[in-house]
K.L.:
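Here it is, the structure in full.
First listed ligand is number 1; within each ligand, the first listed atom is number 1. Heads up: numbering here begins at 1 and tracks the sequence. Computed from heavy atoms alone, side chains included, the values below leave out hydrogens, waters and symmetry copies.
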Amino acid sequence: MIHPVVVSTAAGDRGLAGLPAPLPLDELVPAAGATTGAGAAEAGEWEVEIGFGKGRYLRRRCQEEPGRRFLGIEVAGEYHGLFVSRVRRLGLGNWLALRGEALYLLSAVLPAGFAAALHVYFPDPWPKSRHHKRRLFDPETVDLVLRLLRRGGRLSFATDFLDYGERVVEILAGYPGLRCERRERPWDEGPRTNYEAKYETEGRPILRLEGELEMDGGEAPLHPQGARAVLAAVGADERDEED
Ligand SMILES: C[S@@+](CC[C@H](N)C(=O)[O-])C[C@H]1O[C@@H](n2cnc3c(N)ncnc32)[C@H](O)[C@@H]1O
């Protein structure tokens, strides 16, 4: 299904028409705070949350850290609208919310290497094997996700779907240039998202991961397990064009 992209900021909502790709994030949400001296490097750094749901974590971070900027991606129009109306009501300006399909936005709309942190909490696990290609973390798509991060950028991930979580551990362990570890305890500040709060109350086991990209996302390579399939698909597209 095609989901039209909506680009929302404190200034209003628009479609992609008339906006260049990759999106000019610094123009859409200018950095606030120091631009010279101590703290300049961190001023206005971007953090991204993919599949933010009702937006509990993203909204809290926007409120608590006005010097940073937050970009959220959510395919469900209802949740996107909920987040946007809440942060506007709070008068916050340090956010950009994209309504759209994450893998499309990552591959065609967002720049590489701009984010200091990336958050993915309880992504849809797509348990049936014929649907694995829709997963955010798959050997054929993981480079698209990690390419958002700058050198030294941090990944935080959580899932209650332990089979998928173990597969993500395996995929990330095999990704060149990413250091990744399981986090054996909850986040210091408590549950971050609605799903996490619900599952913690129910006592469900949760697998959490933290990682750091040791290169700029602009240089993110294909995953060794996914490269052959990705390159075969590129070859097939080129052959179609020749026919
Ligand atoms: C299980 S919910 C988790 C929501 C939130 N992260 C939390 O922990 O409470 C998964 C969320 O990801 C969103 N989502 C699923 N597939 C997506 C996609 N391809 N692109 C963007 N968002 C997606 C869903 O609409 C949903 O809000």
K.L.:
Using heavy atoms and a 4.0 Å limit, tell me yes or no: is Ala158 in contact with ligand 1?
P.N.:
no

K.L.:
So that I know where these two stand, are Phe122 and Tyr199 an aromatic pair - ring centroids less than 6.0 Å apart?
P.N.:
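Yes, ring centres under 6.0 Å apart.
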
K.L.:
So how far is it from Glu65 CD to Phe70 CZ, rounded to the nearest 0.5 Å?
P.N.:
5.0 Å

K.L.:
Would you check if the side chain of Arg88 reaches a backbone N or O of Thr9 as a donor-acceptor pair within less than 3.5 Å?
P.N.:
yes

K.L.:
As an exercise, state the distance from CG of Leu28 to CG of Leu19, rounded to the nearest 0.5 Å.
P.N.:
6.0 Å

K.L.:
Polar-atom distance check: Ile73 versus ligand 1, any N or O pair below 3.5 Å?
P.N.:
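In fact, backbone or side chain, Ile73 has no N or O that close.
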
K.L.:
Mind checking the CD1-CD1 spacing from Ile50 to Ile73? Nearest 0.5 Å is all I need.
P.N.:
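So the CD1 of Ile50 and the CD1 of Ile73 are separated by 5.0 Å.
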
K.L.:
Is Glu74 near ligand 1, meaning one of its heavy atoms is under 4.0 Å from it?
P.N.:
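Glu74 counts as a contact of ligand 1 under the 4.0 Å cut-off.
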
K.L.:
If you have a sec, work out which protein heavy atom is nearest atom 5 (C) of ligand 1 and how many Å separate them, to one decimal?
P.N.:
Gly51 O, 3.5 Å

K.L.:
Measure the spacing between OG of Ser8 and NE2 of His80 and express it to the nearest 0.5 Å.
P.N.:
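Separation between the atoms: 3.0 Å.
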
K.L.:
Looking only at distances, please establish whether an N/O atom of ligand 1 is found under 3.5 Å from an N/O atom of Glu101.
P.N.:
yes

K.L.:
Which atoms of ligand 1 are found less than 4.0 Å from any heavy atom of Tyr121?
P.N.:
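Checking each atom against Tyr121, I get 3 (C), 5 (C), 6 (N), 8 (O).
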
K.L.:
Which ligand 1 atoms are under 4.0 Å away from a heavy-atom of Ala102?
P.N.:
18 (C), 19 (N), 20 (N), 21 (C)

K.L.:
Under a 4.0 Å N-O cut-off, is there an ion pair linking Glu196 with Arg208?
P.N.:
yes

K.L.:
Any atoms of ligand 1 less than 4.0 Å from a non-hydrogen atom of Gly100? List them with their elements.
P.N.:
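What qualifies from ligand 1 is 20 (N), 21 (C).
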
K.L.:
Can you list the atoms of ligand 1 that are under 4.0 Å from a heavy atom of Tyr79?
P.N.:
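Taking each heavy atom of Tyr79 in turn, ligand 1 has 27 (O) under 4.0 Å.
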
K.L.:
Report, in ascending order of atom number, the atoms of ligand 1 lying under 4.0 Å from any heavy atom of Asp124.
P.N.:
1 (C), 10 (C), 15 (C), 16 (N)

K.L.:
Tell me the protein heavy atom at minimum distance from atom 3 (C) of ligand 1, and give that distance in Å.
P.N.:
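Of the protein heavy atoms, Phe122 O, 3.3 Å lies nearest.
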
K.L.:
Please list, chain by chain and in numerical order, all residues satisfying side chain to side chain contact (heavy atoms under 4.5 Å, CB included) with Pro176, sequence neighbours excluded.
P.N.:
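For Pro176 the side chain to side chain contact (heavy atoms under 4.5 Å, CB included) partners, ignoring immediate neighbours, are Pro221, Pro224.
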
K.L.:
What I want to check is whether the side chains of His223 and Glu140 have a donor and an acceptor closer together than 3.5 Å.
P.N.:
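The answer is no; no qualifying pair exists.
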
K.L.:
Based purely on interatomic distance, does Phe52 place a nitrogen or oxygen under 3.5 Å from a nitrogen or oxygen of ligand 1?
P.N.:
no

K.L.:
What protein heavy atom sits nearest atom 17 (C) of ligand 1, and how far off is it?
P.N.:
Val75 CG1, 3.7 Å

K.L.:
With sequence neighbours excluded, what pairs up with Glu74 under the side chain to side chain contact (heavy atoms under 4.5 Å, CB included) test?
P.N.:
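Side chain to side chain contact (heavy atoms under 4.5 Å, CB included) check on Glu74 returns Phe52, Ala76, Tyr79.
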
K.L.:
Do any N/O atoms on Pro123 end up under 3.5 angstrom from N/O atoms on ligand 1?
P.N.:
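Between Pro123 and ligand 1 (N or O atoms, distance only) the closest approach is not under 3.5 Å.
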
K.L.:
Suppose we measure from atom 8 (O) of ligand 1 to each protein heavy atom; which comes out shortest, and what is that distance?
P.N.:
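In this structure, atom 8 (O) of ligand 1 has Thr193 OG1, 2.7 Å as its nearest protein heavy atom.
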
